[in-house]
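Each chain gets a letter, A, B and so on, in the order its sequence line appears, and its residues count up from 1. Source: prediction; values computed, not measured.
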Amino acid sequence: MKFEFIPIDYEAFDFNGKNYIKIIGRNDKGKRICLVDSYLGSFWVILKEGLTDKKIKDIQGKIEEIRAGKGERESKVVKTELHDRKFLGKEVKAIKVFVENFKDAHSVADEIGFKEVEKRREYDLNIISKYIIDKKILPLKWYEVEGSLISGNDFGGIANLEVDACFELERIKESERKEFEPRFLAFDIEVDKFEIGKGDVLMISLYGKNFKKVLTWKKSSKKQDYVEVFKDEEEMLRKFSEYVYEYAPDFLVGYFSDGFDLPYLRAVAEKNKVKLELGLDRSQPKFSRGNVLTGRISGLVHVDIFRFIRNVFSQYLQSETLSLNDVASELLGEKKHDFDFLKLGKMKDDDWYDFFSYNLQDSKLTYELMEKIWLDIYEFTKIVQEPVFEVTRNAMSSHVEDYIIHNLERFNEIAEKRPVHEEIGKRRGRGKYEGAFVFQPTPGLYEDIGMFDFTSMYGSVIVSYNLSLSSFHEKKEKGDLEVDLVKQKVHFSKEKAFFPTMLGEFIEMRKKYKKEYNENKNPMTKARSNAYKLLANAAYGYQGFFGARYYCLEAAASTAALARENIHSVIDKIKKQGYTVIYSDTDSVAFLLDGKNQKETLGFLKKLNSELPGIMELDLEDFYKRALFVSKRTTDAGAKKKYALISYDGKLKIRGFETVRRDWCKLARRLQSEIIESILKNGNEKDALEILKDVIMKIKKREVKREDLIIRTQLKKPISEYLATGPHVIAAKKMEEKGIAVSPGDLIEFYVAEMKGKKKLVREKVKLPDEEGDYEIEYYLNNQILPATENIFEVFKINLREVIDGNKQTKLF
DNA sequence: GTTAAGTCCATACC
DNA sequence: ACAGGTATGGACTTAAC
């Protein structure tokens with residue numbers, strides 16, 4: 001039978017001792033299809049130089065005799081082939097070893113420690129990645145498929161899967177078809193005790209296209225048409241699996257569902273002795289323990305969008321936390337419903353009604369977030385060529401690496417191995433290298449400023465100077481680039497290596513799609529341009545990351561060194577041209593126009609660009625009307641990474657100030673930003689000073705709302721691991737005492753209250769937001785308001801303490 | 001008991 | 001453990017008196 005097919009999920013299975021891959025996807029009619037394909041996996045044995053043909057034949061013979069495996073299972077080598085390949089850019093002779101069951105590739109490779117063998121590689125690749133590379137059957141790409149229907153007990157009864165049809169793959173070729181409308185089903189649970197395994201699931205909400213349900217075993221007399229009440233938790237759980245099956249989603253979507261909803265459901269299913277049959281083979285979710293739990297459901301893709309947002313998206317979000325509420329507010333302009341969890345112990349009829357709609361809203365937000373970021377997931381999947389399950393969970397370093405792995409064939413390259421435990425330890429012990437240059441600013445209010453910055457600076461340095469593991473030379477060779485790292489000199493070949501080449505592709509694609517997007521605003525090109533930008537930015541960090549296959553600290557250190565060299569050179573040229581440089585951080589430089597006009601400055605930028613090496617490019621960031629720099633708190637020296645700018649159209653750009661820090665109270669943050677705005681708009685401090693005086697008065701009169709005085713600090717590790725007990729740790733302890741579960745990652749809220757007796761430490765005055773008490777006036781004046789404002793006024797030679805001492809109403813200072 | 005230096009910790013910038 | 005280094009600054013801890 002012939003049909004069009006789009007792969008969504010891949011799973012390997014063994015049948016009669018051989019590897020098979022089942023691909024779950026859709027056909028062009030929207031039917032769910034399972035495609036089964038055989039797969040013969042292989043790895044590489046790289047030979048030492050100068051072996052005779054006869055010797056190589058001998059080795060191949062010896063390899064073909066090997067049988068190895070783990071436990072009961074044993075695989076034989078099916079065949080070997082000799083190839084000319086490259087490894088880290090060097091030409092090598094390599095034997096391709098085909099193993100009956102790829103799970104035994106490592107064991108087989110272990111048997112090939114002959115003295116003629118230089119290295120063994122690719123036995124550590126994931127079988128699905130290997131399959132996608134070898135067979136070129138890429139996720140989310142349409143194919144024309146010929147296959148034969150599988151029925152009965154073929155392949156161990158695979159025809160029993162909950163799909164519309166199962167085929168064995170016979171022929172496949174690319175199709176022109178593009179459009180794909182994925183089916184999402186979002187879910188969310190509510191429980192009575194937060195800790196997994198300790199409580200009951202009170203309700204489960206589901207949200208899809210024209211589909212909304214809240215399943216529960218609790219009742220409210222007020223009717224909600226989407227609520228279905230079951231006799232107990234067990235029946236609710238059964239119905240949950242059934243609804244998921246009926247809706248037949250491609251993606252079952254949750255928010256933090258790897259860490260909470262799915263494991264919680266599993267725990268209560270176990271307790272109720274019911275099976276959570278979510279898989280297309282009616283199997284239960286399987287959890288793998290990495291750093292965090294990961295829940296996999298056979299045949300449909302469980303997506304925890306929190307993880308994708310955290311790993312990929314978060315750096316471009318303004319939200320102060322990655323909670324569903326904050327992220328949905330920012331991306332969708334929609335919030336969670338309010339529900340007071342303290343009611344849980346004594347729920348009334350109306351409360352259940354509210355709780356059901358609260359639960360449904362969470363699924364709705366999750367569904368809409370998935371719709372919102374789907375194109376980003378889709379583009380990442382297309383670019384790195386890994387299945388959506390992995391793409392939505394992997395960190396940026398993995399995305400970079402996956403792109404490399406899936407593109408090595410173009411370079412005839414064999415993949416490097418993943419570092420093992422000892423190697424990682426060694427790498428981590430190597431210590432830091434010198435990073436970026438930051439210009440020491442002079443505090444002051446400046447006027448008429450220009451700012452240039454390099455586009456993808458580190459990426460373009462790597463490409464322009466060819467910095468990577470395969471171009472790195474231990475000893476200097478003829479024509480090499482030499483980079484002086486002070487402690488040592490390192491060398492890189494000028495022969496173009498694959499890593500800089502691929503990174504060049506990221507930068508080029510980013511440029512191309514950014515341009516395309518600007519000409520024709522289309523969410524697809526935006527997502528694509530964004531994905532390439534993220535990959536380009538992460539590639540530098542990747543080479544310095546201890547877990548990377550293509551780790552090269554020398555390349556990372558050289559990238560930073562050459563970036564410094566380039567920014568210094570640009571700073572010098574700008575100065576020489578007659579501008580005053582006032583600031584620079586890593587890849588940007590700010591300077592005073594000193595009477596020169598913008599047009600002239602842009603002309604100068606063009607000249608600067610013509611002198612830059614390789615693909616490096618300097619851009620106009622913007623022209624600004626005013627800029628404010630302040631001193632550090634402890635010395636007179638200007639503070640780095642802390643400044644505020646106002647553009648000619650009145651837009652503010654504030655960096656580093658307390659205003660942008662989430663661990664300062666609202667009052668201090670708002671006051672500081674008002675002061676900064678006033679100063680930048682007016683060009684003087686007069687109005688700003690009045691704003692400050694007003695707030696100080698309010699504090700003293702106790703007119704400030706508690707909400708504006710709450711300080712929020714993240715708990716980064718379990719309470720017991722803290723060596724220094726800061727205020728937020730005490731607040732977290734208090735929460736635990738009240739029976740509120742706290743875990744690493746939570747934002748802890750507290751305020752500083754007046755206490756009986758003289759308390760010295762801040763932590764002794766910590767109270768939780770709902771705890772009775774009066775705020776401590778002195779703390780908020782001295783530890784929040786003053787530090788956030790005094791070095792701003794210092795720029796105008798105003799000593800806040802003196803000014804305020806002269807004010808009769810404010811004698812506290 | 002007080003104070004200054006040192007350390008821990010969170011958060012930001014690029 | 002899940003990209004890197006640079007930087008600020010609050011609050012606690014420790015050493016010295």
Side-chain angles (χ1 to χ4, degrees), chain A residues 290-292 294 307 310-312 315 320 390 393-401 418-419 421 424-425 427-428 431-441 453-454 456-459 462 534-548 550-551 553 555-557 559-561 563-564 567 583-588 621 630-635 637-643 653-664 668 711-717 721-730 747-748 752 758 760-766 779 782-784 787-788 791:
Chain A
N291 202 5
V292 281
T294 294
R307 292 186 65 173
R310 186 192 55 193
N311 292 336
V312 173
Q315 47 184 315
E320 280 175 13
E390 276 70 27
R393 284 172 177 76
N394 286 347
M396 281 311 297
S397 62
S398 300
H399 292 315
V400 172
E401 194 157 281
R418 197 183 294 130
H421 191 72
I424 290 180
R427 291 177 180 185
R428 298 187 76 182
K432 288 192 177 194
Y433 55 86
E434 190 183 343
F437 165 71
V438 188
F439 188 97
Q440 174 82 66
D453 64 2
F454 280 96
S456 297
M457 188 191 211
Y458 281 34
I462 292 168
L534 286 162
L535 287 166
N537 287 344
Y540 153 71
Y542 173 82
Q543 297 204 97
F545 168 49
F546 53 79
Y550 293 100
Y551 170 82
L553 200 67
T559 306
R564 288 195 302 272
I567 195 75
Y583 189 59
S584 165
D585 185 347
T586 313
D587 59 353
S588 69
E621 206 269 334
V630 299
S631 67
K632 285 197 273 198
R633 260 185 76 63
T634 42
T635 65
K640 298 171 176 181
K641 298 187 185 285
K642 226 176 156 177
Y643 60 88
K653 181 171 171 172
I654 300 179
R655 294 287 178 263
F657 276 106
E658 285 74 8
T659 296
V660 299
R661 295 182 61 95
R662 69 174 182 187
D663 57 347
W664 283 71
I711 296 164
R712 308 204 295 169
T713 314
Q714 191 180 32
L715 196 72
K716 301 278 250 191
K717 51 189 176 188
E721 282 175 28
Y722 278 89
L723 298 172
T725 313
H728 73 299
V729 181
I730 290 296
L747 264 197
I748 308 296
V752 177
K758 195 81 180 152
K760 217 173 47 187
L761 296 174
V762 177
R763 67 165 173 231
E764 293 168 319
K765 298 180 279 195
V766 162
Y779 173 84
N782 292 323
N783 298 43
Q784 293 279 324
N791 32 18

*Check the distance between dG4(C)'s C1' and Asp587(A)'s CG and give it to me in whole angstrom.*
14 Å
*What is the distance, rounded to the nearest whole Å, between atom CG of Asn537(A) and atom P of dC13(B)?*
16 Å
*Looking across every strand, which nucleic acid part, if any, lies under 4.0 Å from Glu434(A) by heavy atom: base, sugar-phosphate, or nothing?*
sugar-phosphate
*Residues that Asp587(A) engages under side chain to side chain donor-acceptor pair (under 3.5 Å), provided they are two or more places apart*: none
_Please report the distance, rounded to the nearest Å, between CZ in Phe439(A) and C1' in dT6(C)._
16 Å
*Closest to the Arg428(A) side chain: dA1(C), dC14(B), dA10(B)?*
dA1(C)
*Exercise: identify the closest heavy-atom pair between Gly544(A) and Tyr551(A)*: O-CE1, 3.8 Å
*Is Arg564(A) reaching over with its side chain to a backbone N or O of Glu434(A), donor-acceptor style, under 3.5 angstrom?*
yes
*Give one of base, sugar-phosphate or nothing for Phe546(A), where a contact means two heavy atoms less than 4.0 Å apart.*
sugar-phosphate
*Using the test side chain to side chain donor-acceptor pair (under 3.5 Å), find all partners of Arg310(A) that sit at least two apart in sequence or belong to another chain.*
none
*Think His728(A) has a side-chain N or O under 4.0 angstrom from the OP1 or OP2 of dA10(B)?*
yes
*Summarise protein proximity over nucleotides 9-17 of chain C in one line of letters, 5' to 3': B for base, S for sugar-phosphate only, - for none, counting protein heavy atoms closer than 4.0 Å.*
SSSSS----
*asked:* Quick check on dT11(B): is either OP1 or OP2 less than 4.0 Å from any side-chain nitrogen or oxygen of Gln714(A)?
replied: yes
*Tell me, please, which residues at least two apart from Arg633(A) pass salt bridge (Lys or Arg N to Asp or Glu O under 4.0 Å).*
Glu790(A)
*Return the value, rounded to whole Å, for the distance between atom NZ of Lys640(A) and atom P of dA7(C).*
4 Å
*Taking the P atom of each, how far is dC9(B) from dA3(C), in whole Å?*
22 Å
*What is the nucleic acid contact for Lys432(A), judged by heavy atoms within less than 4.0 Å: base, sugar-phosphate only, or nothing?*
base
*Under the salt bridge (Lys or Arg N to Asp or Glu O under 4.0 Å) rule, collect the residues that match up with Arg418(A), sequence neighbours excluded.*
none
_Tell me the interatomic distance from Glu621(A), atom CD, to dC13(B), atom P, rounded to whole angstroms._
13 Å
_Ionic contact status for Asp585(A) with Lys640(A), cut-off 4.0 Å_ = no
*Using atom CG of Leu747(A) as one end and atom C1' of dT11(B) as the other, report the distance to the nearest whole Å.*
11 Å
*Look at the side chain of Phe545(A) and decide which nucleotide, out of dC13(B), dA3(C), dC9(B), has an atom nearest to it.*
dA3(C)
*asked:* Does dA3(C) have OP1 or OP2 under 4.0 Å away from a side-chain N or O of Ser397(A)?
replied: yes
_Side chain of Asp585(A) (C-beta onward), nearest among dA7(C), dC9(B), dC14(B)_ = dC14(B)
*Residues which pass salt bridge (Lys or Arg N to Asp or Glu O under 4.0 Å) with Arg661(A), listed by chain and number, not counting sequence neighbours*: Asp663(A)
*Base, sugar-phosphate, or nothing: which does Tyr458(A) touch, judged by heavy atoms less than 4.0 Å apart?*
nothing
*NA contact type, Ser398(A), heavy-atom cut-off 4.0 Å: base, sugar-phosphate, or nothing?*
nothing
_I want to check one thing: is the phosphate of dC14(B), taken as OP1 and OP2, less than 4.0 Å away from some side-chain N or O of Tyr643(A)?_
yes
*In whole angstrom, give the distance that lies between atom OH of Tyr540(A) and atom P of dG5(C).*
7 Å
*So, is Lys641(A) close to the dA7(C) phosphate, meaning a side-chain N or O under 4.0 Å from OP1 or OP2?*
no
*asked:* Without decimals, in angstroms, what is the distance between Arg427(A) CZ and dA1(C) C1'?
replied: 13 Å
*asked:* Taking the nucleotide of DNA chain C with the nearest heavy atom to each, does Gly547(A) or Ala436(A) sit closer to the 5' end?
replied: Gly547(A)
*Would you indicate whether the side-chain heavy atoms of Pro419(A) and Phe546(A) approach each other to under 4.5 Å?*
no
*Across the strands shown, which category fits Tyr433(A) at heavy-atom distances under 4.0 angstrom: base, sugar-phosphate, nothing?*
sugar-phosphate
